[in-house]
Amino acid sequence: MAPRARFEVVSSDDEPLILVDEQDREVGTLDKTSCHDGNGTLHRAFSLFVFNANGDTLLQRRHADKRLWPGYWSNGCCSHPRLGEDLEQAVVRRAGQELGLSVAPEFLFKFQYQASFGDIGSEFELCSVFVSHGAETPQVNSAEIAEWRWISRRELDREMQAAPQDFTPWLKIEWRRLTTEFLGRIQPY
């Protein structure tokens, strides 16, 4: 689908990310570039799955200028909270900046993962996963998103089975948990 778009730079490689331990206790800050170098440094992050009134979820193709997983399909919105910002505030802020949507985030679970993107860098995150229901048509930020689409649960399951290499590693982990452990909290087929 051709996005209704606007262009706004909403993050930078030198912005400080919140470093955490495995219990999600803050242990310092480090710039975004350094957090993603090598095998990565554990930092706080979030993912948001956005569902429309039909029960479809919003997917976005990451912009080609992204350092990690450019051009890959991912969930509606994922990012990092800023210093002094709680996770729900960060989700609301970023959904507005990236998708042009007002959301009511509902926390589902938290998990830790590490994934390397060849020798370019890695994600090493303690990620909190949220959902929001009833979204309207997004007005995406073309600085962040190359394209977007609504997709049914059945179709996303089929596409991820047929071409898992087209999707970000966190999407695959999160979607599996959403559709097994939290099925009652997301829209059905």
Side-chain angles (χ1 to χ4, degrees), residues 1-3 5 7-20 30-50 56-82 87 90-91 93-95 97-101 108-131 138 140-151 153 155-179:
M1 172 175 286
F7 184 89
E8 177 188 4
V9 176
V10 294
S11 65
S12 67
D13 290 337
D14 62 349
E15 75 179 70
L17 301 188
I18 301 167
L19 303 180
V20 294
L30 186 64
D31 66 274
K32 186 164 116 179
T33 295
S34 298
C35 278
H36 294 122
D37 285 343
N39 290 323
T41 303
L42 186 61
H43 58 279
R44 188 174 288 154
F46 65 83
S47 278
L48 173 66
F49 285 81
V50 177
D56 299 328
T57 192
L58 180 66
L59 287 189
Q60 65 155 286
R61 187 183 298 271
R62 292 168 58 80
H63 195 279
D65 290 342
K66 294 280 189 183
R67 175 181 175 191
L68 302 176
W69 290 276
Y72 285 67
W73 286 103
S74 198
N75 55 295
C77 181
C78 47
S79 190
H80 311 95
R82 294 187 171 150
L87 281 164
V91 172
R93 171 184 54 81
R94 192 60 181 216
Q97 291 173 330
E98 197 165 314
L99 302 170
L101 293 176
L108 292 186
F109 64 94
K110 186 186 304 187
F111 75 109
Q112 181 180 311
Y113 77 100
Q114 192 279 337
S116 294
F117 188 62
D119 60 359
I120 295 172
S122 298
E123 288 288 6
F124 188 21
E125 296 183 333
L126 189 58
C127 187
S128 293
V129 179
F130 294 82
V131 295
V140 301
N141 182 344
S142 62
E144 296 288 327
I145 298 171
E147 62 182 297
W148 64 273
R149 61 189 167 126
W150 293 108
I151 189 169
R153 188 176 132 221
E155 184 61 19
L156 181 52
D157 287 343
R158 189 195 66 71
E159 286 187 20
M160 285 179 39
Q161 173 99 22
Q165 71 280 359
D166 293 345
F167 299 90
T168 60
W170 58 90
L171 170 64
K172 292 183 278 191
I173 295 166
E174 294 164 358
W175 188 250
R176 186 177 315 113
R177 286 195 64 185
L178 279 174
T179 58

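Here the shortest heavy-atom pairing between Tyr113 and Glu123 reads OH-CB, 3.6 Å. Pairing each heavy atom of Pro138 with each of Leu101, the nearest pair is CA-CD2, 3.8 Å. Closest of all the heavy-atom pairs between Cys77 and Ala95 is SG-N, 4.0 Å. Contact detail for Ser74 and Leu171: the closest heavy-atom pair is CA-CD2, 3.9 Å. The two residues Lys172 and Pro164 come nearest to each other via the heavy atoms NZ-O, 3.0 Å. Here the closest non-hydrogen pair linking Gln60 and Ile145 is OE1-CG1, 3.2 Å.
The shortest distance between side-chain heavy atoms of Asp166 and Glu159 does not fall below 4.5 Å. Here the side chains of Glu174 and Asn75 are in contact, with some heavy-atom distance below 4.5 Å. Considering only heavy atoms from C-beta on, Leu87 comes within 4.5 Å of Phe130 through its side chain. You'll find the side chain of Thr179 stays beyond 4.5 Å of the side chain of Leu156, heavy atoms only. With contacts defined as side-chain heavy-atom distances shorter than 4.5 Å, the pair Glu125/Trp170 does not qualify. Side-chain contact check for His80 versus Ile18: every heavy-atom pair is 4.5 Å or farther apart.
Relative ring orientation between Tyr72 and Trp69 is described as perpendicular, the plane-to-plane angle rising above 60° on a 0-90° scale split at 30° and 60°.
Expressed to the nearest 0.5 Å, how far CD1 of Ile151 lies from CZ of Arg153 amounts to 12.5 Å. If you take OG1 on Thr41 and NE2 on His36, they are separated by 9.0 Å, rounding to the nearest 0.5 Å. Annotation: the span from Arg176 atom CZ to Asp157 atom CG amounts to 11.0 Å, rounded to 0.5 Å. Summarising the geometry, atom CZ belonging to Phe111 is positioned 6.0 Å from atom OG belonging to Ser47; distances are rounded to the nearest 0.5 Å. Between the SG atom in Cys35 and the CG atom in Leu19 there is a gap of 5.0 Å [rounded to 0.5 Å].
By the 6.0 Å and 45° rule, Arg177 stacks over the aromatic ring of Phe109.
Pairs engaging residues 68-77 under the salt bridge (Lys or Arg N to Asp or Glu O under 4.0 Å) rule: none recorded [sequence neighbours left out]. Applying the salt bridge (Lys or Arg N to Asp or Glu O under 4.0 Å) definition to pairs two or more places apart or across chains, those involving residues 61-71 are Asp37-Arg67, Arg61-Glu147, Lys66-Glu144.
A donor-acceptor distance shorter than 3.5 angstrom exists from the side chain of His43 to the backbone of Phe124, with no hydrogens or angles considered.
Residues Glu155 and Arg158 are paired through a salt bridge, judged by an N-O separation under 4.0 Å between the basic side chain and the carboxylate.
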